[in-house]
K.L.:
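I'd like to ask some things about the structure below.
Keep in mind that what you see is a predicted model, and the values were worked out from it rather than measured.
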Amino acid sequence: MKRYFLMLWFWLANKGSRRSVVNANSSVVVSLTSYDPRITRVFATIESIAAGRLKPKRLLLWLDDSFKHKPIPESLRRLEQRGLEILFCSDDGPHKKYRPYVLSQVKHLVPLVTADDDVLYPNAWLDELVMSHLKDPEVIYCHRARVVQIKGTPSADQNWLSEEPNAYRSWPACKTVEPSLRHFSIGVSGVLYPLSFLNQLQSVSASDLFKELTPKADDVWLNCWGSYWGYKKQQVAPFAAQFLQIPLSGRSALHRHNVVKGENDTQIQAMVSYLSGLPGINRTTP
């Protein structure tokens with residue numbers, strides 16, 4: 001019932017509000033993407049972010065190039081007048097939420113937070129990520145994570161990429177606020193990526209390697225590179241957050257493909273095989 005009330009609230013806000021959705025003095029950028037089945041409802045996600053106690057410096061919505069020839073919903077045009085940036089890029093699936101932004105910067109000066117297009121984010125969502133970031137700017141922060149499970153007895157001093165992970169669906173939800181290389185951040189609830197990570201990500205984002213290894217799993221791509229480079233992930237609370245979903249949005253095709261059908265495991269294995277063949281894998285103790 002609550003999510004239907006919030007949808008009405010955000011619909012009314014979208015119709016009548018003139019308040020900016022951004023704050024030029026903020027120290028973080030928020031980026032998300034959407035596609036045809038959700039384009040008429042994504043305004044609610046954006047309104048929920050804008051209603052938070054901390055607004056982003058920039059709020060970006062990436063749409064694939066086909067939208068250049070389609071009418072953009074009036075709900076998004078109204079948000080555009082309040083500071084939302086509607087940008088177009090090649091259709092890289094879920095990688096659209098971060099890749100075009102990462103490549104658009106010569107050097108990253110503020111952290112990036114990614115969001116999903118079917119979630120109603122709570123008031124403290126962005127603020128909690130940023131406040132955590134200020135404590136340790138070299139950690140990837142999230143509201144929801146899983147703990148990577150390894151076959152056999154894992155070596156305490158080795159990165160999980162050098163071992164054999166169990167099936168993704170067997171990884172338990174994170175129940176700690178301790179940072180670890182064995183934590184796997186889940187994008188649906190929002191993830192904050194620090195400057196140094198973004199600047200390293202530029203080099204691997206310039207190629208189309210992600211299309212070969214993780215075409216439908218941006219979480220796998222970003223988590224594996226983070227672990228390879230030695231970035232620990234940390235949940236901001238001792239429980240994995242489950243935010244309200246926009247009514248009628250349903251489970252995405254990507255969720256069915258990656259989680260239900262087990263394709264995350266295929267893409268994780270592709271990344272592990274690729275990265276284990278590279279020199280210099282970071283072996284920091286989690």
Side-chain angles (χ1 to χ4, degrees), residues 26-32 49 52-54 56-57 97-99 101-102 105 107-116 121-122 124-150 154 156-163 165 171-205 217-243 268 271 275 280-286:
S26 184
S27 60
V28 65
V29 171
V30 172
S31 181
L32 68 160
I49 294 170
R53 65 190 184 200
L54 176 66
K57 187 180 189 72
K97 74 173 66 169
Y98 74 89
R99 184 172 181 256
Y101 173 73
V102 167
Q105 305 299 297
K107 182 178 181 180
H108 288 274
L109 301 176
V110 294
L112 174 69
V113 172
T114 58
D116 267 19
Y121 291 101
W125 170 73
L126 186 59
D127 193 32
E128 289 175 347
L129 288 170
V130 172
M131 292 302 292
S132 297
H133 168 73
L134 293 176
K135 296 175 185 177
D136 189 343
E138 293 301 315
V139 169
I140 294 172
Y141 289 97
C142 61
H143 282 279
R144 185 174 184 82
R146 293 194 184 209
V147 182
V148 179
Q149 299 296 290
I150 304 299
D157 62 342
Q158 284 192 321
N159 191 311
W160 69 272
L161 292 174
S162 62
E163 304 181 47
W171 299 356
C174 181
K175 296 180 180 179
T176 176
V177 292
E178 294 299 317
S180 174
L181 285 174
R182 296 192 188 280
H183 290 167
F184 188 98
S185 55
I186 308 298
V188 65
S189 297
V191 182
L192 184 148
Y193 298 100
L195 304 183
S196 56
F197 176 82
L198 295 173
N199 287 317
Q200 284 186 276
L201 190 62
Q202 284 180 317
S203 61
V204 298
S205 295
D218 56 310
D219 280 356
V220 173
W221 175 261
L222 294 168
N223 272 280
C224 287
W225 278 115
S227 292
Y228 177 76
W229 291 324
Y231 286 90
K232 295 180 180 182
K233 295 93 176 180
Q234 183 174 338
Q235 204 167 259
V236 301
F239 55 86
Q242 184 74 53
F243 299 139
I268 288 168
M271 281 297 293
L275 293 174
I281 188 168
N282 187 293
R283 295 180 181 274
T284 303
T285 303

K.L.:
Can you give me the closest heavy-atom contact between Ile186 and Ala145, atom names plus distance?
P.N.:
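Heavy-atom minimum between the residues: CG1-CA, 4.0 Å.
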K.L.:
Report the distance from atom CH2 of Trp160 to atom CG of Asn223, rounding to the nearest 0.5 Å.
P.N.:
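Rounded to the nearest 0.5 Å, the CH2-CG separation comes out at 7.0 Å.
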K.L.:
Working to the nearest 0.5 angstrom, can you tell me the gap between Lys233 NZ and Ser185 OG?
P.N.:
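Rounded to the nearest 0.5 Å, the NZ-OG separation comes to 6.0 Å.
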K.L.:
Ignoring hydrogens, what is the shortest heavy-atom contact between Ala240 and Gln235? Give both atom names and the distance.
P.N.:
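Scanning both residues completely, I find the closest heavy atoms to be N-NE2, 3.4 Å.
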K.L.:
If we only count heavy atoms from C-beta on, is the Asp116 to Phe243 side-chain gap below 4.5 Å?
P.N.:
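No - every pair of side-chain heavy atoms lies 4.5 Å or more apart.
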K.L.:
Can you confirm whether or not the ring centre of Tyr193 sits under 6.0 Å from the ring centre of His108?
P.N.:
no
K.L.:
Give me each pair satisfying side-chain hydrogen bond (donor to acceptor under 3.5 Å, both in side chains) with a member in residues 129-140, each pair once, sequence neighbours excluded.
P.N.:
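Every pair satisfying side-chain hydrogen bond (donor to acceptor under 3.5 Å, both in side chains) with a residue in residues 129-140: Glu138-Ser196.
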K.L.:
As an exercise, state the distance from CD of Glu128 to CG of Leu54, rounded to the nearest 0.5 Å.
P.N.:
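Reported to 0.5 Å precision, the distance equals 11.0 Å.
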K.L.:
List the atom of Ile140, the atom of Tyr231, and the distance in Å for their closest heavy-atom pair.
P.N.:
CD1-CB, 3.9 Å
K.L.:
Using modelled atom types and a 3.5 Å cut-off, is there a donor and acceptor pairing between side-chain atoms of Ser227 and backbone atoms of Cys224?
P.N.:
no
K.L.:
If you take all heavy atoms of Tyr101 and Val29, which pair is closest and at what distance?
P.N.:
OH-CG2, 3.6 Å
K.L.:
Keeping Gln234 on the side-chain end and Val177 on the backbone end, is there a donor-acceptor pair under 3.5 Å?
P.N.:
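Judged by distance alone, yes, a pair lies under 3.5 Å.
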K.L.:
Quick check: closest heavy atoms across Leu192 and Pro111, and the distance to 0.1 Å?
P.N.:
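Where Leu192 meets Pro111 most closely, the heavy atoms are CD2-CB, 3.9 Å.
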